[in-house]
Amino acid sequence: MRRTLYCGELREHHAGQKVVLEGWVNRRRNLGGLIFIDLRDREGLAQVVVNPEASCFSEADRVRAEWVIRVEGSVRLRPADQVNTKLATGAVEVIAERIEVLAEAKTPPFPIDAGWRGEDDPHVGEEVRLRNRVVDLRRRRLHHNLRLRHKVIAAIYRFLDARGFISVETPYLTRSTPEGARDFLVPSRLEPGHFYALPQSPQLFKQMLMVAGYDRYFQIARCFRDEDLRADRQPDFTQLDMEMSFVTQEDIIALNEELAAFILRETLGQEPTLPFPRLTYAEVMNRYGSDKPDLRFGLELQDVTEAFKGGEFRAFAGAEVVKALVVPGLLSRREIEELETTAKSKGAAGLAWARFENGALSGGIARYIPPHLPEQLGLTQGQTLLLVAGPWRKTVEGLGAVRLELGRRLGLIKPGFKFLWVVDFPLLEWDEEASRWTYMHHPFTSPNLEDLHLLDTDPGRVRAYAYDFVLNGSEIGGGSIRIHRRDLQERMFTLLGISPEEAQQKFGFLLEALSYGAPPHGGIAWGLDRFVAHLAGEESIREVIAFPKNKEGKETLTGAPAPVDEAQLAAVGLAVRSKV
RNA sequence: GCUCCGGUGGUGUAGUUGGUUAACAUACCCGCCUGUCACGUGGGAGAUCGCGGGUUCAAGUCCCGUCCGGAGCGCCA
């Protein structure tokens, strides 16, 4: 007899039926003469009862947690006083007639049963979890996360298909492109000494699909970047990649926020309000000190540059900007010191402060604060004023980091999903190390045509048609309108210090494509792992990836990366140098 | 590459100013138990406290080094 239904699907209307269940023993309770088995499959738990007179009683007595068994029996309603209201199947139980052990199991290294009966799983260290990932993946939390991820992807396909997008696959073995992140290299056997690179994104392929007239493309694409890992970064990660022809920035933004709303509706039953806020880069940096601000709380930065200009406090008098944060509450010296460390980590020179208590400012730099300032900032009794002064970017980012830390510490972050778009990014930023301009997004991003006249005279002020999609303080997507004219693309390469020869060698195929009549086009890529992690309420994308890598980039199940045979190296013309 | 935090039975934790046999919960094994649902109950086994060195009469505890893991900085077009 084969399985008739999932354990978790058992309901009252099955009462009286013969069923066959197959699954894992979540828990076994032996009352002496009577045995209960909570049988588990991906849909949930069902209670199996084994009576002492049943022929399978001795088999049931032998069974242990995580054994895989098949149970044949009949469903019956439980007496009213024995209904388990915590389980969806709690009104019924299966009286076992036959039990067959399909596989015995070692005792699991950590408990996995609690989540399945609706409780919190006890905390287990991530190292232990990743080392035993198969066991870990049995827990309900990960079942839920991976199914949510699937639902998100399924919703993406439904939505984009209905809007005329087609999914096209692009190569994983491709060419190394200069700059950007470090490439993962794959040696060529047919041409020893030559290498493929794994794509950092399908960027150039999708642009060429636009030139080829496909008009609307998308792909759930794996991307590879050989950089250090973080809670929200893996060396191989998944993008929702998208590109459209004959569109404006606003078209892309509007379509993508509809997509986001559709996904939330389909997966979580939520209805976010559209449109999402669109804030300029300058505005979010000045108000939140971040290009990916968390809008779930206020605590905005305020500009007080003028109040200190030319004043007696030398450190502030000549500063490019002075920014202030009004903190609800009196912070201790120790707390301020910790926050100063946070500010300094972003390059701020320091963190000045004063407390407003007993009707006056005291402590820190209280005596240097202009008399009118507290009123201007709305500073009231029992609050702390924090200040950073210096070059614009380090100042706002320093205080922005403090804002974020305070949001967490003071519990200001409200639950929910706060989306926004950040627009009007600068096209270029100054690279101190290389002493030249470099792109902020990527070298194919179109300048805002209104700023084109500044390109040679004042490149730093040129805005880009680039936009980031931000959710709860996390960059979940980014895109741009691309350059579709060969002459402008060549001009950009020159500005970025890429010689015509180098451009031809590395991007010749793109320039060539652009010279065959390219439509105006643009697109976006979402960090799918991050997006799903937010929807699942997880801090780390490792919780929404079945087999993630740890902080050191190791895949803990298989032990990758690992050495390979000398013969394998020889076949691709490589030899490993002894460690330097 | 750098900074910070952590490492104690299988798992999760406690362990005070250094002081007897390293504690607790849970899991595990055995006994008893017919309506449990984290069953109950009695018993048992299980840890050279990540590793190495140092200080000390005495180190889980203090110091140095090292390994492993996590958070962040740099990096991430």
Side-chain angles (χ1 to χ4, degrees), chain A residues 26-39 45-54 57 64-66 78-79 81-87 89-90 93 95 106-132 135-136 177-183 199-201 203-204 223-235 237 338 341-342 344-347 397 401 404-405 427-429 431 433 438-445 464 466 475 478-480 492 496 498 507 525 527 539-540 542 550-552 554 556:
Chain A
N26 200 59
R27 227 175 155 87
R28 185 194 61 126
R29 292 177 292 283
N30 185 343
L31 271 62
L34 186 65
I35 296 174
F36 294 97
I37 292 171
D38 291 341
L39 195 62
L45 296 184
Q47 174 164 282
V48 174
V49 187
V50 189
N51 288 308
E53 56 275 13
F57 188 83
R64 293 292 183 272
E66 297 308 311
R78 300 198 202 178
D81 61 332
Q82 284 167 23
V83 169
N84 186 343
T85 52
K86 290 191 288 185
L87 294 180
T89 62
E93 61 192 3
I95 310 300
K106 291 204 292 186
T107 302
F110 47 86
I112 56 186
D113 56 299
W116 288 100
R117 53 174 189 267
E119 297 171 18
D120 287 336
D121 278 313
H123 172 261
V124 180
E126 193 171 13
E127 187 185 356
V128 176
R129 289 179 49 203
L130 288 183
R131 214 172 38 231
N132 301 280
V135 173
D136 191 32
T177 50
E179 323 225 9
R182 203 173 291 114
D183 280 321
Q200 297 180 24
S201 87
Q203 181 63 34
L204 293 172
C223 303
F224 306 86
R225 295 178 189 177
D226 188 7
E227 299 292 350
D228 286 356
L229 292 86
R230 291 285 187 281
D232 64 353
R233 267 173 27 201
Q234 289 267 305
F237 63 102
E338 287 167 0
T341 307
T342 303
K344 284 180 170 174
S345 76
K346 291 287 185 177
E397 288 188 344
L404 204 55
E405 181 62 27
L427 181 69
L428 303 163
E429 63 185 341
D431 183 339
E433 261 179 53
T438 181
Y439 44 83
M440 199 155 179
H441 186 58
H442 58 50
F444 321 110
T445 301
E475 182 197 328
S480 63
M492 274 301 297
L496 296 169
I498 300 171
F507 300 113
E539 298 279 324
S540 163
R542 292 189 291 271
N550 71 9
K551 195 85 192 305
E552 277 69 49
K554 290 178 190 139
T556 48

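Protein chains get the first letters and strands the later ones, always in sequence-line order, with residue 1 at the start of each.
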Checklist entry - Is any side-chain N or O of R64(A) closer than 4.0 Å to OP1 or OP2 of rC29(B)? => result yes
Checklist outcome for this item: Sorted by chain and number, sequence neighbours left out, side-chain hydrogen bond (donor to acceptor under 3.5 Å, both in side chains) with E475(A) holds for none
Next on the checklist: Atom CD of residue position E539(A) - does it have more than 12 heavy atoms of other residues, nucleotides or ligands inside 6.0 Å?
Outcome noted: no
Item to check | Interatomic distance, F57(A) CZ vs rC33(B) P [rounded to whole Å] | outcome: 11 Å
Checklist entry - Between K551(A) (NZ) and rC4(B) (P), how many Å, whole number? => result 14 Å
Item to check | Carboxylate-amine/guanidinium proximity below 4.0 Å for D136(A) and R129(A) | outcome: yes
Item to check | Heavy-atom side-chain proximity of F110(A) to N132(A) below 4.5 angstrom | outcome: yes
Item to check | Protein-nucleotide distance (D228(A), atom CG; rU3(B), atom C1'), rounded to Å | outcome: 14 Å
Between the protein and nucleotides 8-12 of chain B, list every N/O to N/O distance that falls short of 3.5 Å.
residue : atom : partner : partner atom : Å
rG10(B) : O2'  : P109(A) : O            : 3.1
rU11(B) : O4'  : P109(A) : O            : 3.0
rG12(B) : OP1  : G125(A) : N            : 2.7
rG12(B) : O3'  : H123(A) : ND1          : 3.2

Checklist entry - Would you say rC73(B) has OP1 or OP2 under 4.0 Å from some side-chain N or O of R233(A)? => result no
Checklist entry - With both distances under 3.5 Å as the test, what is the Watson-Crick or G-U wobble partner of rA71(B)? => result rU3(B)
Are any protein N/O atoms closer than 3.5 Å to N/O atoms in nucleotides 35-41 of chain B? If there are, list each pair with its distance.
residue : atom : partner : partner atom : Å
rG35(B) : O2'  : Q82(A)  : NE2          : 2.8
rG35(B) : O6   : R76(A)  : NH2          : 2.6
rG35(B) : N1   : R76(A)  : NH2          : 3.0
rG35(B) : N1   : E93(A)  : OE2          : 3.0
rG35(B) : N2   : Q82(A)  : OE1          : 3.0
rG35(B) : N2   : E93(A)  : OE1          : 2.5
rG35(B) : N2   : E93(A)  : OE2          : 2.9
rG35(B) : N3   : Q82(A)  : OE1          : 3.0
rU36(B) : O2   : R29(A)  : NE           : 2.8
rU36(B) : O2   : R29(A)  : NH2          : 3.2
rU36(B) : O2   : Q47(A)  : OE1          : 3.4
rU36(B) : N3   : Q47(A)  : OE1          : 2.9
rU36(B) : N3   : Q47(A)  : NE2          : 3.0
rU36(B) : O4   : Q47(A)  : NE2          : 2.8
rU36(B) : O4   : R78(A)  : NH1          : 3.4
rC37(B) : O4'  : R29(A)  : NE           : 3.1
rC37(B) : O2   : Q47(A)  : OE1          : 3.2
rC37(B) : O2   : N84(A)  : ND2          : 3.1
rC37(B) : N3   : R78(A)  : NH1          : 2.8
rC37(B) : N4   : Q82(A)  : O            : 2.6
rA38(B) : OP2  : K86(A)  : NZ           : 3.1
rA38(B) : O4'  : R117(A) : NE           : 3.2
rA38(B) : O4'  : R117(A) : NH2          : 2.8
rA38(B) : O3'  : R27(A)  : NE           : 2.8
rC39(B) : OP1  : R27(A)  : NE           : 2.3
rC39(B) : OP1  : R27(A)  : NH2          : 3.1
rC39(B) : OP2  : R27(A)  : NE           : 3.0
rC39(B) : OP2  : R29(A)  : NH1          : 2.9
rC39(B) : N4   : N30(A)  : O            : 2.5

Item to check | Criterion side-chain contact (heavy atoms from CB on, under 4.5 Å) against R117(A), the qualifying member of L87(A), D38(A), N84(A) | outcome: L87(A)
Checklist entry - Looking at the side chain of E53(A), which of rU34(B), rA71(B), rC73(B) is the nearest nucleotide? => result rU34(B)
Next on the checklist: Suppose you measure atom P in rU8(B) against the same atom in rG74(B); what distance do you get, rounded to whole Å?
Outcome noted: 32 Å
